[in-house]
Amino acid sequence: MVDAALNYDVVVAGNGALGLSLGLVLARRGLRVAVVGRADRPYAASAAAGAMNGCFGEVTPHLLRSPHGRLKLAMDVQATGLWDAWQEGLLEESDETAIRTADGTVVILNTVGIHEIDTEGFRAIRSALDEYKEPYEDLDPAEVPWLHPAPTARPLQAMFIPGEHAVDAPALLRALSTAFTRNGGTLVDDLVAEVRLTDGRADGVRFESGTTLSAGHVALATGAATTKLLECLPEEIRHRIPAIVAGRGVALMVRTMDGTIPRTVIRTPNRAFACGLHVVPRQDGVLYLGATNEVESQVGTTAAIGELNLLLSGASQMHDDLVNGWVERIMVGNRPVPLDGFPLLGEVGVDGLWLMTGTYRDGLHQSPLLAAEMAARILGEPHDKELDVFAPVRPPIQSMTREECLEMAVRHTLGSGYEHEWRLPDDWPPMIEQHFRSAFGRSLEEVDPEFVPPPEMFIFADDHIHAALRTYYAAHRGASGR
């Protein structure tokens, strides 16, 4: 039970994988910690995640071309090395008997996507594996266990990555919650409505219920709901932090007709603005089929019919008998996506207020690493200064040129058409490409004539996102004299 009279050392807003992991690391150190979030986790990314320990399987060509992207990959690799011990500790401190649900990952390359995305993505994964000397094995696609696609979606290539697993997200969240409370932590079933500032320092929070808690530090791990909580900050600070928007994702929990599921993750490379098609084994003949990605200014709670159609038609790329299975649950989550596409990690321009969010698709996988790093910062201990480039108050991180951004916007939008298996006259795709190039070029110019946002921030034509970009860019143009 929360003790409103108690002065906590740290209040963590957000009870997803990141918030609970930070709370657990701090509680294990003997601090008084409260983790705040509704038990049903509305809108949360963690609760709807496929929970792949996505490291090399998430690599894209663009990731490898950018120094900030390469740093994200290095963080993923480091996090992979922590998961064995992290899982062991959670099993010891909870009632769970298993957290991992997949024995490695199979990446397939089929003909449903396009060369510039799927084929180049497959090559980029292989290149990263070679660079880090991570073991992998080429497979005959026809011999991949369980995989039985429709004849029109037969894979051209496949590789097995034995060190790339997945976890059962509900089991992980249960284990984190139990381990946290058994280490003396306090769970609060509520939502933080406001961060309190006194004399320029964060000293507590107010809940939606009206209750207040005092704390020496406040850490926001609130995902796509974070930006509103920063309204407590002075404008000159708040506008220099990239706002977080929602990468709404839809996935399905599917019970197969014969009760068989793969032992491994089976996935494609990342596809048009999304994380590729993937199946992840859960338990009792149920698998996770995901996932879509729509970048929007507001969190979403429902699935569009088109998104469901994409997943249901994509099921035949994995197993042509999935059509005879049953959809047990439609899952909707909101990935936290900063305007510049990179995480927000560190103090927020006022003493005692910390951000640990904006991790897009990496948060659950990186949770053991980021929890340790953020705890060290809060406690004033040595930490990895290389991650300071992701401090929240920062100039926009620009990981591509305007020409590269426009090209990526066009290619990925066309790629989504092929993923939807569009049927067009042969002379139409070049005309459509010309239209996209012209329209996206105008949109990019209207957002800003100099700064370069990630393509998904302007192709969806969300006026609220465009306005947020202009505000963010204007704050830094004024500060830098650009």
Side-chain angles (χ1 to χ4, degrees), residues 10-29 31 33 35-37 44-47 49 51-55 58 63 68-87 89-90 99 167 169 172-173 175-177 179-180 185 217-226 241-242 244 247 335-338 340-348 353-394 397:
V10 183
V11 170
V12 180
N15 64 345
L18 281 177
L20 283 170
S21 296
L22 175 59
L24 176 57
V25 170
L26 292 169
R28 284 173 174 171
R29 298 286 299 274
L31 276 73
V33 186
V35 171
V36 185
S46 295
M52 294 177 288
N53 284 144
C55 180
E58 293 286 319
L63 187 80
H68 292 91
R70 295 187 68 84
L71 177 55
K72 282 181 66 176
L73 174 58
M75 292 164 65
D76 282 337
V77 173
Q78 188 177 352
T80 297
L82 300 176
W83 263 96
D84 282 346
W86 185 247
Q87 176 186 233
L90 290 175
I99 293 175
V167 300
L172 173 66
L173 294 172
L176 285 167
S177 298
F180 173 63
H217 298 269
V218 176
L220 302 183
T222 39
T226 299
I241 300 170
I244 295 179
R335 307 174 185 94
V337 191
D340 63 3
F342 289 90
L344 306 177
L345 307 171
E347 207 163 25
V348 188
L353 181 58
W354 305 83
L355 285 190
M356 181 189 181
T357 188
T359 47
Y360 208 167
R361 292 188 288 263
D362 299 309
L364 190 145
H365 173 65
Q366 290 184 359
S367 54
L369 170 67
L370 295 183
E373 283 292 327
M374 288 300 300
R377 284 165 168 75
I378 291 171
L379 296 173
E381 297 175 349
H383 55 270
D384 185 353
K385 294 186 181 300
E386 195 172 8
L387 303 190
D388 290 348
V389 297
F390 299 135
V393 182
R394 66 180 185 227
I397 296 174

Minimum heavy-atom separation for [X] and [Y], please, with both atom names.
| X | Y | value |
| --- | --- | --- |
| P343 | T359 | CB-CG2, 4.1 Å |
| A17 | L172 | CB-CD2, 4.5 Å |
| L90 | A179 | CD2-CB, 4.2 Å |
| G358 | P338 | O-CD, 3.3 Å |
| V25 | A371 | CG2-CB, 3.8 Å |
| S177 | L20 | OG-CD1, 3.6 Å |

In short, side chain to side chain donor-acceptor pair (under 3.5 Å) pairs touching residues 72-81 with sequence neighbours left out are K72-D362, D76-Q366, T80-H365
Check: [Y] and [X] side chains under 4.5 Å, non-hydrogen atoms:
| X | Y | result |
| --- | --- | --- |
| L26 | L379 | yes |
| T357 | L220 | no |
| W354 | V10 | no |

From [X] atom [atom1] to [Y] atom [atom2], the distance as rounded to the nearest 0.5 Å:
| X | Y | atom1 | atom2 | answer |
| --- | --- | --- | --- | --- |
| L71 | I397 | CG | CD1 | 9.0 Å |
| L370 | D384 | CG | CG | 10.5 Å |
| I99 | L176 | CD1 | CG | 7.0 Å |
| L353 | H217 | CG | NE2 | 11.0 Å |
| T226 | I244 | OG1 | CD1 | 4.0 Å |
| M356 | L344 | CE | CG | 12.0 Å |

Once salt bridge (charged side-chain N to carboxylate O under 4.0 Å, His left out) is applied, do any residues pair with [X], and if so which ones, sequence neighbours excluded?
| X | answer |
| --- | --- |
| R361 | E58 |
| E373 | R377 |
| R28 | E93 |

Starting from the C-alpha separation in whole Å, work towards a yes-or-no answer on side-chain contact (heavy atoms from CB on, under 4.5 Å) for D388 and H383.
CA-CA 10 Å; D388 290 348; H383 55 270; 4.1 Å; yes
TODO: Show the numbers, then the answer: is there a side-chain contact (heavy atoms from CB on, under 4.5 Å) between M374 and L18?
DONE: CA-CA 10 Å; M374 288 300 300; L18 281 177; over 6 Å; no
Hits for side chain to side chain donor-acceptor pair (under 3.5 Å) against N15, two or more places apart or cross-chain, chain-then-number order -> none
Sorted by chain and number, sequence neighbours left out, side chain to side chain donor-acceptor pair (under 3.5 Å) with W86 holds for none
- Message: Can you tell me how the ring of F390 sits relative to the ring of F342, calling it parallel under 30°, perpendicular over 60° and tilted otherwise?
- Response: parallel
